[in-house]
Protein chains: 2
Amino acid sequence: MSVPPLCEAFVLHFGEMGSRWGINRTVGQIYAVLFIAERPLCADDIVDRLGISRSNVSMGLKELQSWNLLRQRSIPGDRREFFHTPDDIYAIVRTLVDERKKREIDPTLSVLRELLMRSPESESERHAQERMREMHDLIELLTSWYADVHKLETERLIQLLSLGSRIVKVLDMKDRLFALPGGKRSANPETGN
Amino acid sequence: MSVPPLCEAFVLHFGEMGSRWGINRTVGQIYAVLFIAERPLCADDIVDRLGISRSNVSMGLKELQSWNLLRQRSIPGDRREFFHTPDDIYAIVRTLVDERKKREIDPTLSVLRELLMRSPESESERHAQERMREMHDLIELLTSWYADVHKLETERLIQLLSLGSRIVKVLDMKDRLFALPGGKRSANPETGN
DNA sequence: CCGAGTTTTCAGATATTTCTGAAAATACGG
DNA sequence: CCGTATTTTCAGAAATATCTGAAAACTCGG
């Protein structure tokens, strides 16, 4: 691998992480190299830096593109394609989460929905469905939260994340403000509850 | 595989998902079988249901235990060990996230910190460090948010999740309430900002 | 439409992971 | 301790995944 030592450590670590993620080591390394590169790289730049075959790079880039993780740029007068990662790291994370959701969560939800439609033929099936229902409902809660938060601009998102669980205090405050004199919670049009 | 059709579909799907997750197909299937089982199962129950070797089950259970995903129960007068998953699915998800964090995020953060300490020896190292810094800061923001939210009881968590991005309206409301007459934001002791 | 530069494909080689059966280790009642 | 029930380990077999070089397929200026 012909990259400076600092970069090498980063690239190697990403390779390892990649393999825990269902993308393979090489793909992880290719991504890492692109992520820290000062300029867009062509396939042969990656061959040089990682010391792997041209065809392997080609397949790796395909894989990363299928994850929507790369941008492409062509330089006038140069036939080669140059690749780079988006500058905005928040955008990168959004893409990652979106893609994983698309590949893992959505198919799971649809399997669960299908299975929950069937009529159980035995007590064990009935119980299994009960468990599937719990899983389904939780996944649905999480994804609808995500869909919702996904819409926020980065600015807002950071604000929200920085707040952490202190948000609960804000909620409490809201509840106190809207509490009816009798102590019962108000129906609050803003939260839909 | 000798489980009712409904269960089989669930187990097979989980096997597939498992392989996208860095745990292998069999381990995913073992977990699925335990998750929907009506009662704790012993290793041989799993052998019967999945039609895989006893030793494979043993290794799979070890793997799941290393993820903290199983509970064990022994029946008096029976030497066998019985396994089951926690009832509370929220607790399961917390465990999953915790473990993934421990295995993926924490090591990444520590590599990043180490690399950020070094002095760059070239312009390309300097630029690489800048990117690593961005990644580091984002991961840190996300994990500290998670650490924070993690403390909430399930009840509160659900409340928060159900609110989704409507939380932003609550925030706006809070900001308006605390706004100083001049229109500048107040220093708000409740949020620490 | 030619041909040089470039990318993609893919069959087979290589490497890695997963799975098994047999043997070893462990647990425990008597 | 012994013997039986059970679990774990592990070397090698089987299955998968990854990687490569060579060939095919593009692409585009001329």
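In the text below, chain A, chain B and the rest are named by the order of the sequence lines, each starting its count at 1. When reading the values below, keep in mind they use all heavy atoms of this one structure, side chains included, and skip hydrogens, waters and symmetry mates.
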Between C:dT6 (C1') and A:Leu41 (CG): distance, integer Å: 17 Å
Protein-nucleotide distance (B:Phe83, atom CZ; D:dT6, atom C1'), rounded to Å: 11 Å
Nearest listed nucleotide, side chain of B:Met59, among D:dC19, C:dT9, D:dC10: D:dC10
Phosphate-side-chain proximity, A:Ser55 and C:dC10, N/O vs OP1/OP2 below 4.0 Å: no
Side-chain H-bond candidate by donor/acceptor type, A:Arg126 with A:Gln129, under 3.5 Å: no
Pair A:Thr85, B:Arg131: side-chain N/O donor-acceptor within cut-off below 3.5 Å: yes
Separation of D:dT8 P from B:Asp44 CG (nearest whole Å): 12 Å
B:Leu50 CG - C:dC19 C1' separation (whole Å): 13 Å
Cation-pi check, A:Arg20 onto B:Trp21 ring (under 6.0 Å, within 45° of axis): no
A:Met59 with A:Phe82, same ILVMFWY side-chain cluster at under 4.5 Å: no
Rounded distance in Å - CD (B:Glu63) to C1' (C:dC19): 14 Å
Nearest to side-chain heavy atoms of B:Ser58, which nucleotide of C:dT6, D:dT8, C:dT9: D:dT8
Interatomic distance where CZ belongs to B:Arg25 and P belongs to C:dT20 [whole Å]: 13 Å
Sugar-phosphate only, base, or nothing, as touched by A:Arg54 at under 4.0 Å among non-hydrogen atoms: base
N or O in side chain of A:Asn24 less than 4.0 angstrom from D:dC19 OP1/OP2: yes
Length of the line joining B:Asp78:CG and D:dT6:C1', which is rounded to integer Å: 10 Å
Geometric cation-pi criterion B:Arg100 and B:Trp67, 6.0 Å radius, 45° cone: no
Whole-Å gap separating C1' (D:dA22) and CG (A:Asn56): 15 Å
Touch class at under 4.0 angstrom, heavy-atom based, for B:Arg79 against every strand present: base
